Amino acid sequence: MTSRRKFLQLGTFASLAPITKLFGGNPIAATTKPVVISTWNFGLNANVEAWKILSTGGRALDAVEAGARVPEGDPKETSVGLGGLPDREGRVTLDSCIMDEFANCGAVACLEHIVHPVSVARKVMENTPHVFLVGDGALQFALSQGFKKEKLLTKESEKAWKEWLKTSHYKPVANIENHDTIGIVALDNSQNLSGACTTSGMAYKMRGRVGDSPIIGAALFVDNEIGAATSTGVGEEVIRIVGSHLVVELMRQGNTPQQACEKAVQRIVKNQPVKSKEIQVGFLALNKNGEYGAYALQKGFSYAVHTQDQGNKLFEAKSYY
Ligand code: ASP
């Protein structure tokens with residue numbers, strides 16, 4: 001199992017980036033469009049794929065789907081898609097959602113055997129009258145759309161699960177790979193926003209557990225007038241505050257993306273003053289002007305930003321603790 005921290009190639013901190021200007025005491029990274037931002041260090045590779053679409057005038061929706069598919073298809077990433085750590089019964093169950101500039105959205109949860117749940121979520125959005133399909137129904141739908149049934153549990157993840165079974169102690173640890181999600185949001189050349197989010201969820205979760213990642217409003221929200229937000233970390237705490245919707249609404253009230261992420265994290269601390277010290281939750285936000293922000297409960301939340309000016313860089317978000 002690789003350690004995210006080991007591979008963290010930090011770029012400059014967002015607040016120190018050359019294009020940063022101070023506004024109301026808070027950093028705003030002013031960017032030009034297009035821009036794509038995504039969670040954790042696997043965001044760098046995801047951004048590369050997204051950028052191929054954005055830089056040639058493509059749609060943000062296509063870019064975020066292409067980006068999210070990168071860690072989904074990588075068996076070495078043990079928190080997303082193929083090779084994801086399983087639930088406590090040894091089943092890899094995937095959660096994902098996608099949302100476009102027209103408030104169209106699609107989601108799947110507890111989906112097994114399909115490598116690219118984000119693309120199934122997109123098919124739910126485009127080819128059904130519904131928003132959200134779960135479990136066997138989601139699998140049945142995926143197969144009907146031509147997706148192939150595959151084994152997602154790799155030898156390495158199976159080994160890690162069998163090791164976990166020896167103690168069966170369930171405790172999410174901040175910034176190590178028993179959780180992590182790719183959340184990716186983008187602004188395209190036509191100034192439209194879209195986002196996607198995809199994960200295998202918390203390792204060794206109870207069978208049937210669904211986190212924030214496939215829930216529109218929790219781990220992803222896009223309002224094309226205002227901005228887009230996404231989250232990672234212990235999903236239960238994000239659901240309790242409907243985190244990404246909260247971040248977008250805070251931007252609507254005039255907060256910068258950075259301020260909005262900070263206020264959402266503060267809300268979690270207020271709800272859970274004790275628990276919040278031990279868990280990780282991180283938010284990313286991007287507004288209609290291409291300004292972005294990020295904030296987390298704990299240190300160690302990295303995110304990747306790709307713009308024309310800066311190229312593709314990894315930053316470490318500021319944190320509450
Ligand atoms: N948010 C994901 C979940 O709760 C996990 C993570 O991002 O670390 O399933």
Side-chain angles (χ1 to χ4, degrees), residues 1-5 37-43 46 67-68 71-72 77-81 83-88 91-98 107-112 117-118 121 132 134-135 152 157 160 170-185 195-221 229-247 261 264-265 268 272 275-276 278-284 294-304 317 319:
M1 199 183 302
T2 54
S3 145
R4 283 197 195 297
R5 293 192 120 172
I37 64 175
S38 56
T39 53
W40 302 111
N41 64 338
F42 46 39
E72 281 185 342
E77 295 298 351
T78 57
S79 57
V80 181
L85 290 168
D87 67 12
R88 57 190 64 176
R91 294 165 183 261
V92 182
T93 66
L94 306 178
D95 297 341
S96 184
C97 69
I98 192 159
V108 289
C110 225
L111 174 62
E112 294 180 68
V118 71
F132 208 161
V134 304
L152 302 184
S157 288
Y170 181 75
K171 188 175 193 308
V173 183
N175 301 328
I176 72 158
E177 292 201 357
N178 66 353
H179 65 88
D180 281 0
T181 292
I182 183 151
I184 177 165
V185 289
C197 185
T198 186
T199 192
S200 51
M202 309 300 289
Y204 322 126
K205 59 196 174 186
M206 288 174 69
R207 172 123 182 91
R209 180 267 188 188
V210 172
D212 58 328
S213 307
I215 301 178
I216 298 295
L220 180 70
F221 196 68
T230 188
S231 69
T232 180
V234 176
E236 283 75 5
E237 300 315 316
V238 177
I239 293 170
R240 276 189 244 281
I241 63 160
V242 199
S244 294
H245 184 259
L246 174 63
V247 170
C261 290
V265 166
I268 292 175
Q272 308 283 344
K275 200 201 277 178
S276 65
E278 294 187 348
I279 59 164
Q280 180 64 300
V281 170
F283 288 103
L284 282 186
Y295 198 64
L297 277 171
Q298 316 293 338
K299 289 189 174 54
F301 171 42
S302 57
Y303 64 101
S319 62

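These numbers come from a predicted model, not from an experiment. One-based numbering, in listed order, for ligands and for the atoms of each. No hydrogens, no waters, no symmetry mates; every other heavy atom, side chains included, goes into these values. This chain uses plain numbering: 1 for the first residue, then up along the sequence.
Shown in contact with S213 at under 4.0 Å from a heavy atom are these atoms of ligand 1, numbered in order with element: 1 (N), 2 (C). Listed by atom number, the atoms of ligand 1 under 4.0 Å from M202 heavy atoms are 3 (C), 4 (O), 5 (C), 9 (O). Per-residue contacts place T232 under 4.0 angstrom from the following atoms of ligand 1 (heavy atoms of the residue considered): 6 (C), 7 (O), 8 (O). Against a heavy-atom cut-off of under 4.0 Å, D180 is close to the following atoms of ligand 1: 6 (C), 7 (O), 8 (O). Against a heavy-atom cut-off of under 4.0 Å, G201 is close to the following atoms of ligand 1: 9 (O). Here is the list of ligand 1 atoms found below 4.0 Å of a heavy atom in G233: 1 (N), 2 (C), 3 (C), 4 (O), 5 (C), 6 (C), 7 (O), 8 (O).
Here the CG atom belonging to L85 is positioned 7.5 Å from the OG atom belonging to S79, to the nearest 0.5 angstrom.
F301 has its side chain within reach of T232: a pair of non-hydrogen atoms, C-beta onward, lies under 4.5 Å apart.
Contacts with ligand 1 closer than 4.0 Å are made by no heavy atom of E237, backbone or side chain.
For the pair R209 and ligand 1, a heavy-atom separation below 4.0 Å is found.
The shortest N/O to N/O separation between G235 and ligand 1 falls below 3.5 Å. For ligand 1, one of its N or O atoms has an N or O atom of T181 under 3.5 Å away.
Across every non-hydrogen atom of F283 and A264, the tightest pair is CE1-CB, 3.7 Å.
Residues meeting the side-chain hydrogen bond (donor to acceptor under 3.5 Å, both in side chains) test with T39, sequence neighbours left out: none. The side-chain hydrogen bond (donor to acceptor under 3.5 Å, both in side chains) test applied to S231 returns D212, not counting sequence neighbours.
Taking only non-hydrogen atoms, the option from L94, T199, D212 nearest to atom 3 (C) of ligand 1 is D212.
In this structure, a donor-acceptor pair under 3.5 Å is absent between the side chains of E112 and T93.
Between K205 and E236, none of the side-chain N atoms (NZ, or NE/NH1/NH2) sits under 4.0 Å from a carboxylate O, so this pair counts as no salt bridge.
Applying the side-chain contact (heavy atoms from CB on, under 4.5 Å) test between T230 and each of V238, I182, L220 identifies L220 as the sole match.
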